[in-house]
Every structure is written in structure tokens, then in C-alpha cells.
Asks: 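Please read through the structure below; I'll follow up with questions.
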2 protein chains.
Amino acid sequence: MDWSIQEIAKMAGTTSRTLRHYDDIGLLKPSRTGHNGYRYYDGPALVQLQRILLLRELGLGLPAIAEVLNRETDTVKALSGHLEWLAREQDRLTRQIASVRQTIDTLKGDGKYMAQDMFDGFDHTQYKDEVEERWGKDAYATSDSWWRSMSPDEKQQWKDRLQKLSADWIAAAESGVSPGSAEVQDLARRHVEWLRGIPGTPTAAPGGDVKGYVTGLGEMYVADPRFGANYGGEAGATFVRDALRVYAEENL
Amino acid sequence: MDWSIQEIAKMAGTTSRTLRHYDDIGLLKPSRTGHNGYRYYDGPALVQLQRILLLRELGLGLPAIAEVLNRETDTVKALSGHLEWLAREQDRLTRQIASVRQTIDTLKGDGKYMAQDMFDGFDHTQYKDEVEERWGKDAYATSDSWWRSMSPDEKQQWKDRLQKLSADWIAAAESGVSPGSAEVQDLARRHVEWLRGIPGTPTAAPGGDVKGYVTGLGEMYVADPRFGANYGGEAGATFVRDALRVYAEENL
DNA sequence: CTTGACCTTGACGTAACGTCAACCTTTACT
DNA sequence: AGTAAAGGTTGACGTTACGTCAAGGTCAAG
């Protein structure tokens, strides 16, 4: 006694297309094939199908299910491995949700700082990547591992600090003050201090060419539009560069 | 001043393939194209790219990102909608993880009851689907909404009850007792009582053809291998059928 | 004999690129 | 100037698990 493809599909709560697919990939062959090519399934096949669908609902991939059915892998082992993957996914989702929430909040607050999120430790890192020969080949690796090793809280603090700095730079640039003025020079000092917190850069290393690095960075800020996007346009970047140049000349 | 495809790719932290893809789907066109077909990107393009990558990291799909960039959709609105989807995904994951955990526990406990998980309220439901004309067309809908309206705790209780019943049936069938014996008849009584808990069936409706339904179910238990898989093979199903028939004749 | 209802085998579409493959350009070096 | 190493271009397939036509046989019923 066996059933046609539609019949088992209904019995198992799936579609005939799925059955054909499982046949194609060798996951579940029909127990019998008519001379006309029709697929027929018997009781054991139906039970197998139910097991397949059960595992599928748990999120296992078809190849993994095939392994279990072929007894190449223990069911418990397969599910345990799958569970780990699920846990990682859940974790990723949780963090992504937090990121989206924060981005929304930031956007609602003041659109000016939206791009801020991408201008974190990575940016300076990646930035150096372009000129790594100039200040050391391993700067990237050092900087990258430093950033990765930070806790979310620490990263947030870092970003907050950068955001304040950025806001102050924009305000200064828009106010029309001179880059050489005392208040702007204090901003430059804060900027350099902030830079000193990034390992792998000359500003962090004792005896590094801080002066050359800072003035060089200033030029890059102007040349790289990403920077301008975060500091009030190209004019903002120019302003920052000028201020940093003055500061470097006078203090470094 | 512009850059080659590899240059911006590095600057933005992505690959040239991605850039070509974005060009293909119209998400980000190069600012200039050389006579040789080379793609060149300028500052604004780089900034756009950064925005794209930022949104992508938040999990937005490329079409959604395109809408945001074309100002067809507000960024906040797009992210809010995305957030809902993320929340649903997280919820789904959480429940799936719980299912996997429980399945693992069940498997570790006693392999015999693994298939149990799929033999829940749905099965009787779906079961009736095949013969719905026999006992009412709306049986499925009633039964389905009933099951869906149950809390996870209630569902678990239901499953536990079924599991005990199943274990007792298997034990009885294997012990070699007669289906008409007092102890087995008590099992049959419990089985019918359990069936009465499922709305939309004649066992639950006042004045329903309980006798016909129960004996009919017994026949189906034998005919349907899924049942045998949960009740100790075809012999188990036959045993259950016989016991139910006796019970129905004598008590219903 | 003619409908339907059901079956079959292709084959495209999906999300977002990774990864060759085959071939042309530019850059750098002898 | 010649050549080899980078780097660029356009296809096109592969990935997950089927959904969804499309074109054309098969079977049960009237």
C-alpha cells in the first residue's frame, strides 16, 4: 500500500514540489516508481519524511539532515552543533538590534551625527592602512586587535568622546574663529590626546614622529571626503587641518 | 580627483566585486567611466558608499537601502520597519532554540519518544483533514485555532499527557496482555478522555458520534504508519485499534 | 472521446556577492 | 621599446530550499 506524491504531501503537511526536491537531492527517494515515472511512497517513507520535516523545523539544513538519516552523524551531536550556531545567530541579532536602535535614536536627535557611527576606531585604523609604510607596517594589526579587544562599553565611551570632539570642531569651524585661536588650539590638543589613545600610531608610541603624523593626518582629513562628511564638509576638514598644523608646529 | 575601483574598495573596507555589483543593480554608479570601461569614483561617491555599508551592517537589504538613498523612504522609517522584522526574527530564534534544546533532552532521555514531538495536537488535526467530510468540514479550523491559542505551558502539558499515554500503550502491547483486559480497557478509557479534550471532534461535541469516531480512528491508526512510529510499530497500532474497538462497543 | 485532475521534467527566480575564466589596459622595469 | 606584473572588464556559475510557471504525458470519470 502506497500513496501518490500529493497524498503523502498532504499527510505530512508539505508540498509535492518539496518531495520532488528531496528526490532530486537524494534526501528522500520514492519507495517505488511507476512505469510512467510517477513517484509512489510507502509507510516507512512517510515516517522518514516526518523526521525530515521535524528536523527542518528545528532549523537544520538539508545536508545536515541527510547526515543524520544516513547515520553518519548522531542526531544529538548534529542538534548540539546546530544549537551553537543558533546561539551565535541570536547573539548577532541582539547586537544588531541594539545598533539599529541607537542609530534611530541618533537620527532622531540630530542628523548631523549620523555618519558618526562609522567613524570609530576602525576608521583611523583603515586610514593608516593606506599609508602604512609611512608609519610602520604593523600599525594596522596592532590597532585592529586593540579595537576588537575593547568591551562594548569602552567602545561606546570612545565613540562618545569622538562625537563631542566632532561637535566642537563643527561649531568652531562654523563660528568663523581662526584656526590659530586659543580655543581652537585647545580643541587641537584634545584631538591629539584622543589620538594618543590609539595604539600602533606614532602618537601612542614613545619617541614617535608625532609632529609628522599629526600634520600628515591633517592633510589626509582634507583629501579624504569621509572625514569631511563627519566634520561639516570639506571646509570643516580644512579647518581641522589648519588647526592641527598650527598646533603641531607650536607644541610637538 | 577620483579613485579606481580597488582604491575606494580599500578605503571603504569592501571589495571591488561588491562595487561592481552595486553598479549592476544601480545602487551606486561610478562618478565617471573611462573610455576603457574603467570605473572611477569621487568623494561624494565614497561618502555614499560608506552610508550604504553602514546601513548594510545594520541588516537592511539592498533594495531598502536604495529606497533610503533615493529619498523615497525616510531613513528612520526604514530602520524602524527593519527593527520590527529583527524583533520577530529574534523571537523565532528564541523559540527555535527552546525546541532544539528540548528535542536534545528528549533524545538523551529515551530515543523511543523522539518522534513524539511531532505527534501533538496538530497531528490529530491534520489527520482529520484527510477525512474531514466524515466528521464535519470545519473540524480543522476549530482544532487548529484551539491549538494555536494554547500557551506553551499548556501545550507542554498536553504533550506530556500524550507521552505517558503512549508509553503505557507500548508497555501494554509488549506485555502480551489481551486488548480486552481490564487494564488495557482502562488505557482505552484514558485515550478517549484525552481525545475529548480536542475541540472540533465528535468526542468533544455533545451528541457526536463518538462510537463511530473512535472505531474509525482505530482503523486509521493501523493504516497510518506515522501512528505506528509513535506507538511501537504496526503491532502497537493494531493493539491500540483492537482495544479501542472493544472499548467503543462496550462503553460508547 | 473529452474533460479535468494529477503526474513528469526542465528552467528561471530568490540575496548578495565569491570565485573562476578569458581577455584587455595600465604601470613598472629592463 | 618590449615585457611582465598588476589591475580592469564582462560574463557566468554557485550558494539555500524550494515557489512558480511552462509544455506535455497519464489516468479516472462522464
Side-chain angles (χ1 to χ4, degrees), chain A residues 2-41 45 49 51-69 82 85-86 89 92-93 96 130 133, chain B residues 2-41 45 49 51-69 78 82 85-86 89 92-93 96 130:
Chain A
D2 47 17
W3 304 276
S4 76
I5 195 168
Q6 294 240 36
E7 286 169 345
I8 20 141
K10 275 183 193 163
M11 284 189 256
T14 184
T15 71
S16 60
R17 177 65 178 92
T18 299
L19 270 299
R20 276 191 283 272
H21 183 56
Y22 290 170
D23 186 8
D24 287 345
I25 65 176
L27 181 56
L28 181 67
K29 296 284 184 189
S31 55
R32 183 170 72 81
T33 304
H35 66 290
N36 44 20
Y38 282 26
R39 295 173 177 80
Y40 294 99
Y41 299 78
L49 178 55
R51 288 178 57 192
I52 291 172
L53 296 178
L54 168 64
L55 294 173
R56 194 191 58 172
E57 278 183 26
L58 295 178
L60 256 77
L62 299 191
I65 293 178
E67 277 188 15
V68 171
L69 295 187
H82 181 52
W85 147 266
L86 284 174
E89 273 297 292
R92 198 178 58 79
L93 259 186
Q96 201 168 60
E130 302 167 33
E133 309 81 29
Chain B
D2 46 18
W3 305 276
S4 74
I5 195 168
Q6 294 240 35
E7 286 169 347
I8 20 140
K10 275 184 193 164
M11 284 188 258
T14 184
T15 71
S16 60
R17 177 66 178 90
T18 299
L19 270 298
R20 270 183 229 107
H21 182 57
Y22 291 169
D23 185 9
D24 287 346
I25 66 177
L27 181 57
L28 182 67
K29 296 282 185 190
S31 55
R32 184 170 70 81
T33 304
H35 65 291
N36 45 20
Y38 282 26
R39 295 173 175 83
Y40 293 100
Y41 299 79
L49 178 55
R51 288 178 58 193
I52 291 172
L53 296 178
L54 168 64
L55 293 174
R56 194 192 57 172
E57 279 183 24
L58 295 178
L60 257 77
L62 299 191
I65 294 178
E67 276 189 15
V68 170
L69 295 186
H82 181 51
W85 147 265
L86 285 175
E89 273 298 293
R92 197 178 58 78
L93 259 187
Q96 201 168 60
E130 303 168 32

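Proteins get letters first, then strands, A, B, ... in listed order; numbering begins at 1 in each. Computed from a predicted structure; not experimentally measured.
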Asks: How far apart are the closest heavy atoms of Leu49(A) and Ile8(A), and which atoms are they?
Replies: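 Shortest heavy-atom contact: CD2-O, 4.4 Å.
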Asks: How long is the line joining CD1 of Ile52(B) and P of dA16(C), in whole Å?
Replies: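 From Ile52(B) CD1 to dA16(C) P: 12 Å.
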Asks: Could you run down nucleotides 12-28 of chain D 5' to 3' and tag each one B, S or - for protein heavy-atom contact under 4.0 Å?
Replies: B----BBBB----BBS-
Asks: Need one value for Arg39(A): base, sugar-phosphate or nothing, where a base atom within 4.0 Å counts as base even if backbone is also close, heavy atoms only.
Replies: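 Answer is sugar-phosphate: Arg39(A) comes under 4.0 Å of backbone atoms only.
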Asks: Grab the CG-P distance between Asp23(B) and dG11(D) for me, whole Å please.
Replies: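 Rounded to the whole Å, the gap is 13 Å.
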Asks: I'd like to know if the side chain of His21(A) and the backbone of Ser16(A) have a donor-acceptor N/O pair within less than 3.5 Å.
Replies: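 No: the side chain of His21(A) does not pair with the backbone of Ser16(A).
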Asks: Categorize Ile5(A) for me: base, sugar-phosphate, or nothing, with a 4.0 angstrom heavy-atom threshold over every strand shown.
Replies: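 Answer is sugar-phosphate: Ile5(A) comes under 4.0 Å of backbone atoms only.
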Asks: Atom CZ of Arg20(B) and atom P of dA16(C): how far apart are they, to the nearest Å?
Replies: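 Taking CZ of Arg20(B) and P of dA16(C), I get 19 Å after rounding.
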Asks: For Ser16(B), answer base if it contacts any base atom (sugar-phosphate contacts may also be present), sugar-phosphate if it contacts only those atoms, and nothing otherwise; contact means non-hydrogen atoms under 4.0 Å.
Replies: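 Since no nucleic acid heavy atom lies under 4.0 Å of Ser16(B), the category is nothing.
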Asks: So Ile5(B) and Tyr41(B), do their side chains get closer than 4.5 Å, heavy atoms only?
Replies: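 Yes. Closest side-chain heavy atoms under 4.5 Å.
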Asks: Quick check: do Arg39(A) and Leu19(A) have side-chain heavy atoms less than 4.5 Å from each other?
Replies: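 A side-chain contact is absent here, since even the closest heavy-atom pair is not under 4.5 Å.
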Asks: For Ile25(B) and dT10(D), what is the distance between atoms CD1 and P respectively, to the nearest whole Å?
Replies: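 Interatomic distance, CD1 of Ile25(B) to P of dT10(D): 15 Å.
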Asks: Could you tell me whether a side-chain N or O of His82(A) sits under 3.5 Å from a main-chain N or O of Ala64(A), the two making a donor and an acceptor?
Replies: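 No: the side chain of His82(A) does not pair with the backbone of Ala64(A).
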Asks: Quick one: does Gln6(B)'s side chain have a donor or acceptor within less than 3.5 Å of a partner on Thr15(B)'s backbone?
Replies: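 A pair under 3.5 Å: no.
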Asks: How long is the line joining CG of Asp24(B) and P of dT10(D), in whole Å?
Replies: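 For the pair Asp24(B) CG and dT10(D) P, the rounded distance is 7 Å.
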Asks: Between Glu7(B) (side chain only) and Ser4(B) (backbone N and O only), is there a donor and an acceptor less than 3.5 Å apart?
Replies: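 Looks like yes, one N/O pair under 3.5 Å.
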Asks: In whole angstroms, how far is the C1' atom of dG7(D) from the NZ atom of Lys10(B)?
Replies: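 The answer, rounded to whole Å, is 10 Å.
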Asks: In whole Å, what is the span from the CZ atom of Arg32(B) to the C1' atom of dG8(D)?
Replies: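 Result: 14 Å.
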Asks: Answer yes or no: does a side-chain N or O of Gln6(B) lie under 4.0 Å from OP1 or OP2 of dA6(D)?
Replies: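 Negative; the distance criterion is not met.
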